[in-house]
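This report concerns only the one structure given below.
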There are 2 protein chains.
Amino acid sequence: MELTSPPHPPAPAHEARGRPLPELALETIWYRRRISRADLSRLLEVSRSTASELVSDLLATKLVAEVGDGPSRGGRRPILLEFQDEAHLILGVDMGATHVAVALTNLRGRVLAWREEAHPVRSDPDGTRELIVRLCEACLADVPGASEALLGLGVAVPAPVDHRDPKRLSPTVLPAWEGRSGFESLETHFGVPVFMDNDANLGAVAERWWGAGRGIEDFTYIKLATGIGAGLMVGGEVYRGATNAAGEIGHVSIDPKGLPCVCGNRGCLVTFVGGEALVRRAREGLAGAPGSMLSGCEITTGIIERAALARDPLAMQVVREAAHHLGVAIAGLLNLLNPGAVILGGSLARLGDDLLLPLRETVLRRTLVSSVAASEIRVSELGPRGIAIGASTLVLASALERPSLFPTMRD
Amino acid sequence: MELTSPPHPPAPAHEARGRPLPELALETIWYRRRISRADLSRLLEVSRSTASELVSDLLATKLVAEVGDGPSRGGRRPILLEFQDEAHLILGVDMGATHVAVALTNLRGRVLAWREEAHPVRSDPDGTRELIVRLCEACLADVPGASEALLGLGVAVPAPVDHRDPKRLSPTVLPAWEGRSGFESLETHFGVPVFMDNDANLGAVAERWWGAGRGIEDFTYIKLATGIGAGLMVGGEVYRGATNAAGEIGHVSIDPKGLPCVCGNRGCLVTFVGGEALVRRAREGLAGAPGSMLSGCEITTGIIERAALARDPLAMQVVREAAHHLGVAIAGLLNLLNPGAVILGGSLARLGDDLLLPLRETVLRRTLVSSVAASEIRVSELGPRGIAIGASTLVLASALERPSLFPTMRD
DNA sequence: CAAACTTTGTTCGACTACCGAACAAAGTGC
DNA sequence: GCACTTTGTTCGGTAGTCGAACAAAGTTTG
């Protein structure tokens with residue numbers, strides 16, 4: 001039997017099987033997608049009789065089904081078991097600072113329906129909650145029978161949160177929300193559990209399961225948007241720090257004599273690479289770049305990105321500068337955390353090599369050989385849907401870890 | 001029954017008991033020091049009959065003994081079981097850049113014998129290995145019967161290491177050692193297993209078990225000596241990164257336009273706060289401080305530290321400047337990692353408040369309120385013996401996790 | 001002080017999860 | 001055609017854990 005990793009995400013811990021066998025069995029079948037009882041018994045290191053017993057329980061839950069015979073390996077042909085990816089559906093909500101997006105996915109992270117809409121999330125909690133419900137229902141309406149199959153709802157919020165308590169919200173970042181998410185209403189409305197986490201953390205989760213972080217235990221995901229936040233993946237789990245505030249890389253100073261930042265520090269990364277900083281630098285550069293695509297319009301980060309993709313010299317110059325500053329911060333990150341990869345997400349990541357090449361150059365000049373050798377700096381593989389997919393994955397991961405969340409495994 | 005934490009270190013995971021009960025039982029008795037069968041059954045959440053059975057096995061190993069009756073709580077008085085701290089001894093070796101120190105400890109981290117000696121460790125591998133053996137034997141000779149009771153040997157090395165393979169050593173930091181530790185000879189010489197880890201990591205371990213990091217799951221230990229390194233404690237475990245290079249905080253840049261560093265970067269923390277930087281700053285300041293204790297002698301970091309403790313103005317000025325620079329780096333660390341504490345070790349930590357007060361001032365000015373609120377910056381509680389104690393603790397932790405290391409539990 | 005109640009620790013029968021051996025079914029290879 | 005493999009099931013055995021019952025040694029109440 002081959003033990004090479006199949007596609008996709010976190011392999012169940014093969015070594016010390018700490019958890020109950022039924023859970024490990026379900027997780028392993030999900031992970032391998034198709035597997036025989038014999039292979040399962042070898043992977044879990046239990047006897048074939050035990051594997052058989054476990055499987056017969058799982059068949060009863062309808063999460064696993066027999067799907068015909070596999071190829072013989074010199075003896076009787078194995079009966080293939082397959083995880084039923086469509087047995088349940090999950091709603092993943094990306095609540096950004098200025099927009100809301102919703103993905104309806106199956107149990108393999110595939111997006112079956114998608115909705116997004118601009119909205120002043122920061123200032124309008126009630127309207128945001130209504131919008132979330134509306135977009136969710138629109139997604140559910142796209143897929144017949146979706147409401148009945150719904151397993152749970154995951155929400156990515158642009159603020160530090162205690163992921164164990166989806167009711168509360170940090171009041172310092174979203175003051176209008178008064179410290180309450182109000183997502184209990186989602187729970188009652190859709191009749192399923194609601195999970196919540198920080199957006200950068202969920203970006204990291206999504207990349208780990210389906211994107212550029214597959215197979216990497218320790219990496220850092222950096223979301224480059226209006227603000228800058230990081231999701232730290234440590235040992236395959238999100239690292240949250242002592243008070244859920246880990247990952248605030250935007251307020252790491254890269255120049256102690258730099259401009260003052262709202263946070264009280266000077267020369268924060270966000271004052272060089274944040275949305276407002278990019279707009280400011282573009283404006284400053286307009287005088288020296290008369291023919292630029294950026295002249296004569298209201299400059300936004302979206303416009304700068306588009307102009308850079310169209311190879312506008314001024315926009316590219318702004319991006320290049322930002323990349324160099326980002327490089328200084330990432331060099332420090334590499335020295336301190338020695339991650340297996342750095343994955344860039346957020347809107348700025350769309351620029352690909354225009355961002356990566358100057359960034360890598362700065363990093364190479366500024367790190368110890370040993371630490372950067374194994375480190376790779378990449379852009380997100382999931383693009384703008386990554387955060388919503390991560391929110392959905394949050395529910396999936398919880399369910400695979402604690403299968404009692406599946407209605408058919410509760411009895 | 002009270003569930004408040006007794007003194008000391010990592011409590012065994014009470015929740016999901018992932019590991020075999022005999023191991024958890026031993027660990028719990030070690031942790032509580034004295035406990036009855038009834039209390040043990042409640043802590044482990046097993047029946048009293050099972051607890052009784054587990055205990056009778058442990059009594060046979062001599063690691064646990066009955067030590068009379070405890071106070072009644074309204075019924076029959078409990079028989080107290082006590083972990084036998086002196087059942088085995090451990091050697092902890094602190095291999096610094098310029099010295100070797102050895103601690104002989106019991107199973108509670110208490111130092112029973114101590115030796116140290118200056119030595120050019122970097123350039124003389126063979127002499128260092130001989131010196132380690134000599135100091136270890138001297139320690140063993142101090143305690144009657146120590147050799148027979150020896151459980152294992154832990155070594156702290158001043159370089160990144162793969163702690164799972166004590167034979168290899170990073171050749172980039174200690175070139176004369178040619179990538180080999182040669183510690184297999186220690187294994188055969190003393191007839192016990194040898195464990196190895198990086199010195200900053202072991203400083204963190206020691207503080208977590210016995211010092212300023214007790215009860216804190218996530219903290220950062222910073223060793224301030226000739227070089228500057230950090231041990232990152234994440235979820236109660238040392239975080240090593242993808243290639244065992246995590247914690248290189250000395251080469252995090254705090255000023256991108258600063259002096260070039262040997263690592264290729266500019267303005268590394270070590271160029272402001274490292275041993276050579278302190279000496280350089282002291283020399284530069286001599287002209288403006290005619291009566292200083294530092295004039296007229298060969299300046300070393302040790303002398304600067306002593307002068308600062310004696311309140312010499314120039315030395316204090318050098319320390320204050322270093323503290324401010326360190327503060328910039330720590331502010332970044334707090335924003336990025338949000339640790340529950342930052343613990344300063346190494347020789348510079350002896351200065352206590354002279355270092356801490358200016359440091360805290362800089363940090364307060366440079367961090368988000370939320371992240372620093374729960375974070376505390378402290379100095380090591382273990383002092384110069386911390387690293388050796390950490391090396392000993394490495395062995396202790398391994399044995400409590402995998403009790404088959406105890407000879408009496410092997411059969 | 002006796003009676004009632006608590007707590008501790010042990011004993012013992014029962015249950016559960018898992019294993020290994022044996023076996024039938026269904027393949028491959030010479 | 002025959003020997004050998006692999007798969008999946010059946011079934012009796014075993015180790016680990018539990019619960020009930022009990023004796024021993026306390027405390028509290030009247």
Side-chain angles (χ1 to χ4, degrees), chain A residues 1-3 14-29 32 34-60 64-82 403 409 411, chain B residues 1-3 14-29 32 34-61 64-82 403-404 409 411:
Chain A
M1 179 191 48
E2 43 161 355
L3 275 166
H14 283 185
E15 354 74 49
R17 61 165 189 237
R19 294 163 46 211
L21 276 178
E23 302 185 11
L24 279 182
L26 180 64
E27 206 172 300
T28 303
I29 297 175
R32 310 287 299 203
R34 299 181 145 219
I35 190 174
S36 67
R37 291 166 172 84
D39 278 353
L40 183 65
S41 87
R42 281 185 284 259
L43 274 176
L44 295 180
E45 293 179 303
V46 298
S47 66
R48 284 206 313 278
S49 43
T50 308
S52 250
E53 172 72 21
L54 292 168
V55 165
S56 77
D57 289 351
L58 286 176
L59 289 174
V64 171
E66 296 187 335
V67 290
D69 291 356
S72 161
R73 269 179 283 179
R76 172 175 167 179
R77 297 167 64 188
I79 305 171
L80 285 188
L81 306 159
E82 191 182 65
M409 284 199 66
D411 23 51
Chain B
M1 178 191 47
E2 45 162 353
L3 275 166
H14 283 186
E15 355 73 49
R17 60 165 189 238
R19 294 163 44 211
L21 276 177
E23 303 185 10
L24 279 183
L26 180 65
E27 205 172 299
T28 303
I29 297 175
R32 309 286 300 202
R34 298 180 144 220
I35 191 174
S36 67
R37 290 167 172 82
D39 277 353
L40 183 65
S41 86
R42 281 185 284 258
L43 275 176
L44 295 180
E45 293 179 302
V46 298
S47 66
R48 286 207 311 281
S49 42
T50 311
S52 250
E53 172 71 21
L54 292 167
V55 165
S56 76
D57 289 352
L58 286 175
L59 288 173
T61 70
V64 171
E66 296 187 335
V67 289
D69 291 355
S72 160
R73 267 181 283 178
R76 174 175 165 179
R77 295 168 63 189
I79 305 170
L80 286 187
L81 306 159
E82 192 183 63
S404 59
M409 285 200 66
D411 25 50

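Order of the sequence lines sets the chain letters (A, B, ...), proteins ahead of strands, with each chain counted from 1.
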By side-chain hydrogen bond (donor to acceptor under 3.5 Å, both in side chains), which residues pair with B/Arg34, not counting sequence neighbours? B/Glu82

For A/Glu53, the side-chain hydrogen bond (donor to acceptor under 3.5 Å, both in side chains) test, sequence neighbours excluded, returns none

Separation of atom CZ in A/Arg42 from atom P in D/dT6, rounded to whole Å: 8 Å

In whole angstroms, how far is the C1' atom of D/dT7 from the CZ atom of A/Arg34? 18 Å

Can you check whether B/Leu24's main-chain N or O pairs, donor with acceptor, with B/Thr28's side chain at less than 3.5 Å? yes

Figure out the CG/C1' separation between A/Leu81 and D/dG8, and round it to whole Å. 11 Å

If I take atom CD in residue A/Glu53 and atom P in nucleotide C/dC19, what distance separates them, rounded to the nearest angstrom? 12 Å

Restricting to side chain to side chain contact (heavy atoms under 4.5 Å, CB included), what partner residues turn up for A/Pro78, sequence neighbours left out? A/Ser36

Closest to the B/Val46 side chain: C/dG9, D/dC18, D/dT7? D/dC18

Send over the distance from A/Arg73 CZ to C/dG29 P, rounded to a whole Å. 14 Å

What residues, two or more places apart in sequence or in another chain, satisfy side-chain hydrogen bond (donor to acceptor under 3.5 Å, both in side chains) together with A/Ser52? none

Can you tell me how far C1' of D/dT17 sits from CG of B/Leu24, to the nearest Å? 15 Å

Take atom CZ of A/Arg37 and atom C1' of D/dT10, then tell me their distance rounded to the nearest Å. 14 Å

Between P of D/dT9 and CG of A/Leu59, the distance in whole Å: 9 Å

Which atom pairs link the protein and nucleotides 19-26 of chain D when you take only N or O atoms and keep those under 3.5 Å?
residue: D/dG19; atom: O6; partner: B/Ser49; partner atom: OG; Å: 3.0
residue: D/dA25; atom: N3; partner: B/Arg76; partner atom: N; Å: 3.3
residue: D/dG26; atom: N2; partner: B/Gly74; partner atom: O; Å: 3.3

Sorted by chain and number, sequence neighbours left out, side-chain hydrogen bond (donor to acceptor under 3.5 Å, both in side chains) with B/Thr61 holds for none

